[in-house]
Each structure stands twice: as structure tokens, then as C-alpha cells.
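As C-alpha cells, the structure follows; a few thoughts come after it.
So that the names make sense, note that chain A is the first sequence line, chain B the second, and so on, each numbered from 1.
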2 protein chains.
Amino acid sequence: MRAGADGGVMATIYEVAALAGVSPATVSRVMNGVSVSPERSKRVREAAEALSFRPNRVARTLRRQHSEVIALVIPDIENPFFTSMARGVEDVAQAAGYSVLLCNTDDDHDKEARYLDIAVGANIAGVVIAAAGDRSDVKVLIDRGRPVVAVDRGPHGFDIDAVTVDNRAGGRAATTSLFDQGFRRIACVTGPRDVETATQRADGWADALAAHGGADHALLRHANFRIDGGEQAMTELLDLPEPPDAVFVANNLMSVGALRVLSQRGLLPPAVGVAMFGDLPFMPLAPLPITVVQLPARLIGTTAAGLLLERINGDDQPARTIVLRNRLVQH
Amino acid sequence: MRAGADGGVMATIYEVAALAGVSPATVSRVMNGVSVSPERSKRVREAAEALSFRPNRVARTLRRQHSEVIALVIPDIENPFFTSMARGVEDVAQAAGYSVLLCNTDDDHDKEARYLDIAVGANIAGVVIAAAGDRSDVKVLIDRGRPVVAVDRGPHGFDIDAVTVDNRAGGRAATTSLFDQGFRRIACVTGPRDVETATQRADGWADALAAHGGADHALLRHANFRIDGGEQAMTELLDLPEPPDAVFVANNLMSVGALRVLSQRGLLPPAVGVAMFGDLPFMPLAPLPITVVQLPARLIGTTAAGLLLERINGDDQPARTIVLRNRLVQH
DNA sequence: ATGAAAGCGCTAACAG
DNA sequence: CTGTTAGCGCTTTCAT
């Protein structure tokens, strides 16, 4: 036994082989379930147990040129939408014997690029990515033949698998619902201009109002996709000379912010119309009368991980885009 | 260039060396910031750029016996407390050039053990772990000299660094606050018996009531640390012949469940007293009159990651336990 | 079914 | 400062 980095010990396949009186190749075969005589197999297993041998995955990866790790690249690990998705990815990956390397990009293209470089260098089997923006560059992976699946938002200009929802239709449905409830000055709080889900959802809002004299673009706000973004945008809207009587908020966290502001001003639904894209997480109270476009976050994750595993296993059919259904719910 | 796993190409240090007209060792030195003549250094950099070379971290790790990856082992990635913590860990790790391998154990000891085995085999530099239970076994890591830092809950019987909060004092303070508000039949909903944070917080509850005739243990409930656990326990309590007039709930998600049940029955605070351990995440409304023991989740993460990095860098002073302050807030 | 041996890409002595 | 070389631990032909 040799000393490990910090004085620990790491039994190798050679030591197991020596103890079991077989060759290293035989140990390798046993560890990988390749046919070995029962008698030797037993000796190997006992020797491995005795030495508390753990196969060195680093060496294996170097040799096989392929690791059992996938990377999950998301912009905000504190957003419940992405954690649900992460959970879905993790479940599927784990069941297939893969680990998940978590990459929180914070919507920062540099951080994202750095992570993708690491993924390449680590011989990652594949990547599920919710891109920081339209122009995220997954070329470094594609060039090396690593499969990539886009979720939620797609990096443009790459012909890769994607799992999304119909953002525009969702925005339209939510807004239409507000209109049907009798609201007429319907505002929209959406995300950054360079995030395609944000613009699509806002387009849906505009669509819905087009039939009724058109959307008033003074009532459109772009904010970050966080709570403070929602607070700020909602405050601005309420301070307008002619404030809206309803609002469609294009993501879950901004909805929290918007509702906080409304709540502070005593303007809770149904006094004012509220529709939101994505579920309000951890709502502790009996439901407010709010219109919600429910996103199948976990399903997005499991679906994406499934596609990725197929690609990892050699599937090379043309790129697919899977559009998952979002359900409109009236609380 | 050789074919990669899926037909991609991966330039090696040898190819860069050949193109730059230097030895592989020189390329390695350039990539690692070891002194090399400026002229050669430039040639190497250009060659690397031209071949879009990415150093193979797998090979490096095999050689160095040490990777720049730490594992974060948590029971529930969908719990905002752990995601905040994860965020803290990730920030510090990333700043120090480390990546984070996310391990979601789902409170399952087998899953946890499997992940720890993987961590060992992957030559992980260290582990931050919120153990699935008291008896989580990090021996496999300790034996090999890999540093481990416990957060939130500590696996017992190991002399390792830990970052915690004072659970008992928090439980006591929250309960005392309810008593001071005039409530007299104060129930407690806490987590599983084999999770030390759960029992400690319940002990705090018992402490607080000891001075006033003692706690009524018919009002104590153990549930899982999830929303449904809180719902179930709260329902049971309210259905008691003599229901409580207040409740101390020992974690954030169970509080959501408890409040949902209360809300459904029209029993919102201040009609009934509510105190909780951990912040209510994403509260969309103006604050209810609730007593909250605020946990510095992110700080726990950054602190733990800091300790871990110190250990990775060779610090071998005796194990430390850092107890972070939790603040009592009246909303 | 089993063993011998080469080599995955990199780093770190060691020698110059 | 620079090149040569020997592995890190494992898998996988290729023989046997």
C-alpha cells in the first residue's frame, strides 16, 4: 500500500490481485462483471473486501476516455424551478449509474464558459444545460463529440436536443385568462432581453392583447429573473400615472417579488389580477385566486437526462426538440 | 489527433509540444505557471490556442492523486435551506478553483454510502456533508485521509470539523417567545428521531416549557422534514381532543405544511401561535405575525467550504466545531 | 478462462 | 531553464 495524498491508503487492483493469487486483469474482470470462474471470482471478492478496495474511477476514466459523470449547468441553484429540474436529472442519472456535477453559472457567461472547459477536461460524458443566454457557446463540447441537451432555454446556433415548454402559448393563455376575468390594463413583467424564454413569454402576452386593441408597451417591464427584479418592476408599474389593473409575471421568483409589493399596498388578488409563469413554490397559505402556468420542472429534468443518456449510449439520430405541456391552473 | 469517445478530437500535451517545438514537460510547465522562458511560453500558448487544447484533468488527477473537485452531500436539494448552503459552498469552492459534485441522498443511507464510495474513487479533494442521520459512515473517507466537514447535522463518532447552529437554544428561544405571547398549550413538530437537529430542537422546546409545569409530550410530533410531514403532524395535533393553541415547527418545509393546514382551517396567526426554525422561503405576502429562528444557511456553506479548503491545503490542527448564531425574529 | 503488457495524458524527479 | 523518463491505476487486446 502506498500513502495517499494525506497519508491515507488506497488499495489498488494489484494488491487485490496479489492477495487473491490472480492477475490484475482478473480482478478488473471481476469488478466489471466479465466472466471469471466462480472460484477465482470469490477469492477476488474476498481480497477486495479485506483491503476495502475501491476502484479508482480516475484511472478507469483515463483509460476508457469516458466518465460516468454528467454536468448540469444552471443559472441559479436557489430557484426552485431549477432545483426541481436538478432533482429530475439527478434521479435519472443516479439510476443509470451516473453522478452529477453541479455548475451554477449565476447567469454569467464567463462562469459558464469556465465550467464547460472543466467539463471537457474532466471527460464528462455529457451536459444538460440551461444556458445563461442565447449566445452561450457549447461549441467546445460539440467539437469533441460530447452530447449536450438544452433545457428551458436553448443556446442558439447549435443543432442539439432540447427540452422546453411552449412559452409563448403559456404567456398567451395566462394573459387571456386575465382578460376573461375582466381585467383590461394588463401589464407584463418579464426577464432579461437576451433570455429567450423571457421574450417568448412577453410575446405571448402581446399576442393575447393584440385581438383587443393591442398591448400597451408602457406596461411591459424587463427585469432580472429574481425576487428583487419582480419587486422593482411591480413598484414601477404601480407608480405609473395610469397603473395596470392586472399583471402577468413571467417567472416564479419575480412573482414572489410582485406579490410582496402588491400585498404591502393591500392590492391582493382578486382586487388586482395576477397570472404567473411557473408555480409559486412553498406557498404556505390557502391558495390566492391567481392564474398559474404550471411548468413540469422535474419532468423537464428527467426527460433531458433521458435524452442525454441515449446520446451517451451512441444514439445519433437528428436532434430532437421535445416540447412539454404546461397546464393552466386557476387557484 | 486521436478520435475521442464519440468521434471528437482531443489535442494532447504532446501535440501542443510538437507544434510549438518544445518538450511535453515544457507545455505542462506553461499550463501550470511554472517558470519557462517568455519566448517558448508564447509559442506554447499559441500552439495550445491553435489546437484548442484543454488540459485533461483526468490524467492530471491520476498523476497528482488529488483532484480539484469537492463533493457536497445533502439530503434534499429541493429544500431551500440546503440550496442556500450549496450556493455558499459553490461560491467559495469556485473562487478557489474547485468544482462541486452534488450528491443528493434523499435521506437514504445507502445512497449516501454509494456517493461516498464514488467520492473516494474519484479522488475527491474533500467532502462537505449534511449527514442523512447520526450514524452516517464517513470512515471510508477518513481512512484515506480525505478531509470531511459536517454541516447542520454531524455524523457521530468521528472527530471532524463541523459547522452548526445552536439548535437547542433556538428551540428554546422560539418556544419561550410563544409563551411570552401568552400561549399555554404549545405543541412541537420536529423531524425524525435519528436526526440530531430534530431532537435538539425538540429538547429546546421541552426546556422552555420545563419552567412552566413541563412540556406535554402528547403535543410532540416526529415527522419527516418535508411539507407533507408538517401537514400530517399539524392535522393530527388539531384533531386532538384538546388541541394546542400554538405550535413550534422545527424546520422550514414542515412549517409550510403546518401553515397550509392552519390556513385551511382559518386558524392563521395571531389566532394561533406559530414559531418556526428556519426561514420561510419565498414568502410572497406581507409577513404574518410569526416567530422565526433565522438560520444563516449560506454562511454555513461558505464557512464549511472554507474549513474544508484549509484542510485540503494541509491544515491539521485538531477538529473544530463552529457554532453560528441564529437570530430570533418576530414578524 | 486467464495472464502479460501496452498505454490513456499528464506531472515530477532527475539530469543536463 | 529544459528535456527525458517513469509511472499514477486501470482496461483491453492479444496470446495462451
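- A salt bridge links B:R226 to B:D106: at least one charged side-chain nitrogen sits closer than 4.0 Å to a carboxylate oxygen.
- Among the protein residues, A:R40 comes within range of the sugar-phosphate backbone only, with heavy atoms under 4.0 Å from sugar or phosphate atoms but none that close to a base.
- Salt bridge B:D315/B:R320: present, at least one basic N to carboxylate O contact under 4.0 Å.
- Under 4.0 Å is where a charged nitrogen must lie from a carboxylate oxygen, and between B:E39 and B:R43 at least one such pair does.
- In summary, B:E49 and B:R45 do not engage in a salt bridge, as defined by a charged side-chain N under 4.0 Å from a carboxylate O.
- One finds no salt bridge joining B:R114 and B:D110 here, because no Lys/Arg side-chain nitrogen approaches an Asp/Glu carboxylate oxygen to under 4.0 Å.
- Contact annotation: A:S37 reaches the phosphate of C:dT2 (side-chain N/O to OP1 or OP2, under 4.0 Å).
- In this structure, B:Y14 places its OH atom 13 Å from P of D:dG3, rounding to the nearest Å.
- Between the C1' atom of D:dC1 and the CD atom of B:E39 lies a distance of 13 Å, rounded to the nearest Å.
- C:dG9 atom P lies 8 Å from atom CD of B:E15, rounded to whole Å.
- One can place CE of B:M10 at 8 Å from P of C:dG9, the figure rounded to the nearest angstrom.
- The side chain of B:T26 sits closest to D:dT2 out of D:dC1, D:dT2, D:dT12.
- Comparing D:dG9, C:dC10, C:dA4 against the side chain of A:N56 picks out D:dG9 as the nearest.
- Atom CD1 in A:I13 sits about 12 Å away from atom P in C:dG3, given to the nearest Å.
- One interatomic measurement links the two molecules: CZ of B:R64 to P of C:dA13, which rounds to 12 Å at whole-angstrom precision.
- Atom P of nucleotide D:dG7 and atom CG of A:L62 are separated by 17 Å, given to the nearest angstrom.
- For the pair B:S23 and D:dG3, the criterion of a side-chain N or O lying under 4.0 Å from OP1 or OP2 is met.
- Among the heavy atoms of the strands lying under 4.0 Å from A:S28 is at least one base atom, whether or not backbone atoms are also near.
- Looking at the side chain of B:R63, the nearest of the listed nucleotides D:dG7, D:dT11, D:dC1 is D:dG7.
- Counting atom types as modelled, A:R29 pairs a side-chain N or O with a base atom of C:dG3 as donor and acceptor under 3.5 Å.
- Within 4.0 Å (heavy atoms only), B:V58 reaches no atom of the nucleic acid at all.
- Both A:P24 and B:P38 lie close to DNA chain D; mapped to their nearest nucleotides by heavy-atom distance, the more 5′-ward contact belongs to B:P38.
- Note: CD (A:Q65) to P (C:dA6) measures 19 Å, nearest angstrom.
- Closest contact between the side chain of A:R60 and the listed nucleotides C:dC10, D:dT2, D:dT11 involves D:dT11.
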